[in-house]
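Since the structure comes first, as structure tokens, the remarks are kept for the end.
Owing to the predicted nature of the structure, the values given are computational and were not obtained by experimental measurement. The basis for the numbers below is simple: all heavy atoms, side chains too, and nothing from hydrogens, waters or symmetry mates.
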Amino acid sequence: MIGHQRWLALLPLAILGYLMARGQGVHLPGIVCPFRSITGIPCPTCHLTRSAMASLRGDMGLALHHHVFGPPLVAWLGWAAWRSLRQRRLVLPLPSGGAMAVLLMLLLGYWLVRVMGWTLLGWNTFPVT
């Protein structure tokens, strides 16, 4: 096996480790949402990192408050990490084309509900900071 493929097998585990460390308060660099920075409107994945961090801490209430896709993302990352380590290469199991389209539609629908609730009804779905 080529050496870099072996290192790539650690990527899902490294992402889970990063999320766990940030969830425990370790200051690590993150990425600022460029969509929100430019438009002022949160993107469909805004607060997904916070949700994943809360999921890894076991706080499902907070995780679901931040983003309902957080707990499934953590489960998927765990599955990808297990498969990648087992096969000693990066394995990112993705849904089929139709299932991926449904997943994207659910994500966009969820985002629209959150944005409308935030802008029209004053819901606290997207904190200012």
Side-chain angles (χ1 to χ4, degrees):
M1 174 181 297
I2 301 173
H4 72 278
Q5 287 179 340
R6 197 172 295 163
W7 285 107
L8 282 177
L10 297 174
L11 185 61
L13 189 61
I15 293 170
L16 284 170
Y18 169 83
L19 291 169
M20 287 180 77
R22 281 201 59 193
Q24 296 300 319
V26 176
H27 269 306
L28 295 171
I31 298 170
V32 176
C33 177
F35 185 83
R36 188 172 186 171
S37 296
I38 293 168
T39 66
I41 300 168
C43 77
T45 62
C46 272
H47 295 269
L48 191 55
T49 301
R50 294 175 194 193
S51 177
M53 291 185 307
S55 297
L56 288 166
R57 284 193 315 268
D59 191 344
M60 289 301 140
L62 183 61
L64 294 172
H65 171 73
H66 281 301
H67 203 292
V68 297
F69 282 69
L73 173 67
V74 168
W76 179 80
L77 278 170
W79 185 34
W82 178 76
R83 288 190 61 191
S84 295
L85 291 173
R86 200 160 173 237
Q87 295 180 20
R88 293 188 179 134
R89 64 180 180 84
L90 182 60
V91 178
L92 298 177
L94 297 174
S96 66
M100 183 65 86
V102 169
L103 189 62
L104 288 174
M105 294 302 289
L106 287 171
L107 178 64
L108 290 176
Y110 174 66
W111 174 65
L112 286 173
V113 168
R114 290 178 82 195
V115 168
M116 285 194 204
W118 177 60
T119 56
L120 301 176
L121 303 173
W123 292 351
N124 187 21
T125 56
F126 301 108
V128 175
T129 57

For residues 8-19, which side-chain donor-acceptor pairs fall under 3.5 Å, sequence neighbours excluded?
unit_1 : atom_1 : unit_2 : atom_2 : d
Tyr18  : OH     : Arg22  : NH1    : 3.1
Tyr18  : OH     : Pro29  : O      : 2.4

Return the orientation label for the His66 and His47 ring planes: parallel under 30°, perpendicular over 60°, tilted otherwise. parallel
Hey, what do you get for SG (Cys33) to CG (Leu48), rounding to the nearest 0.5 Å? 11.0 Å
Hits for side-chain contact (heavy atoms from CB on, under 4.5 Å) against Met100, two or more places apart or cross-chain, chain-then-number order -> Leu94, Pro95, Leu103, Leu104
Pairs satisfying side chain to side chain donor-acceptor pair (under 3.5 Å), at least one member in residues 69-84, at least two apart: none
Side-chain donor or acceptor of Trp111 paired with backbone N/O of Pro42 under 3.5 Å: yes
Any side-chain heavy atom of Phe69 sitting closer than 4.5 Å to one from Leu106? yes
Connected via hydrophobic side-chain network under 4.5 Å: Leu64 and Leu62: no
Using a 3.5 Å distance criterion without hydrogens, assess whether the side chain of Arg57 forms a donor-acceptor pair with backbone atoms of Gly23. yes
State which residues pass side-chain contact (heavy atoms from CB on, under 4.5 Å) with Leu121; sequence neighbours excluded, sorted by chain then number. Trp123
In terms of hydrophobic clustering (I, L, V, M, F, W, Y; side-chain heavy atoms under 4.5 Å; direct or indirect links), are Met60 and Tyr110 co-clustered? no
side-chain contact (heavy atoms from CB on, under 4.5 Å) against Ala75, all qualifying residues, sequence neighbours excluded: none
Is Trp7 reachable from Leu85 through a run of hydrophobic residues whose side-chain heavy atoms are each under 4.5 Å from the next? yes
With sequence neighbours excluded, residues passing side-chain contact (heavy atoms from CB on, under 4.5 Å) with Val26: Ala21, Leu28
Where do Ser55 and Gly70 come nearest, in terms of heavy atoms and distance? OG-C, 3.8 Å
Answer yes if Val115 and Leu112 sit in the same cluster of Ile, Leu, Val, Met, Phe, Trp and Tyr residues linked by side chain heavy atoms under 4.5 Å apart, and no otherwise. yes
Identify whether Val113 and Phe35 are in the same connected component of the hydrophobic contact network (ILVMFWY, side-chain heavy atoms under 4.5 Å). no
Taking His67 for its side chain and Pro44 for its backbone only, find out whether a donor-acceptor pair lies under 3.5 Å. yes
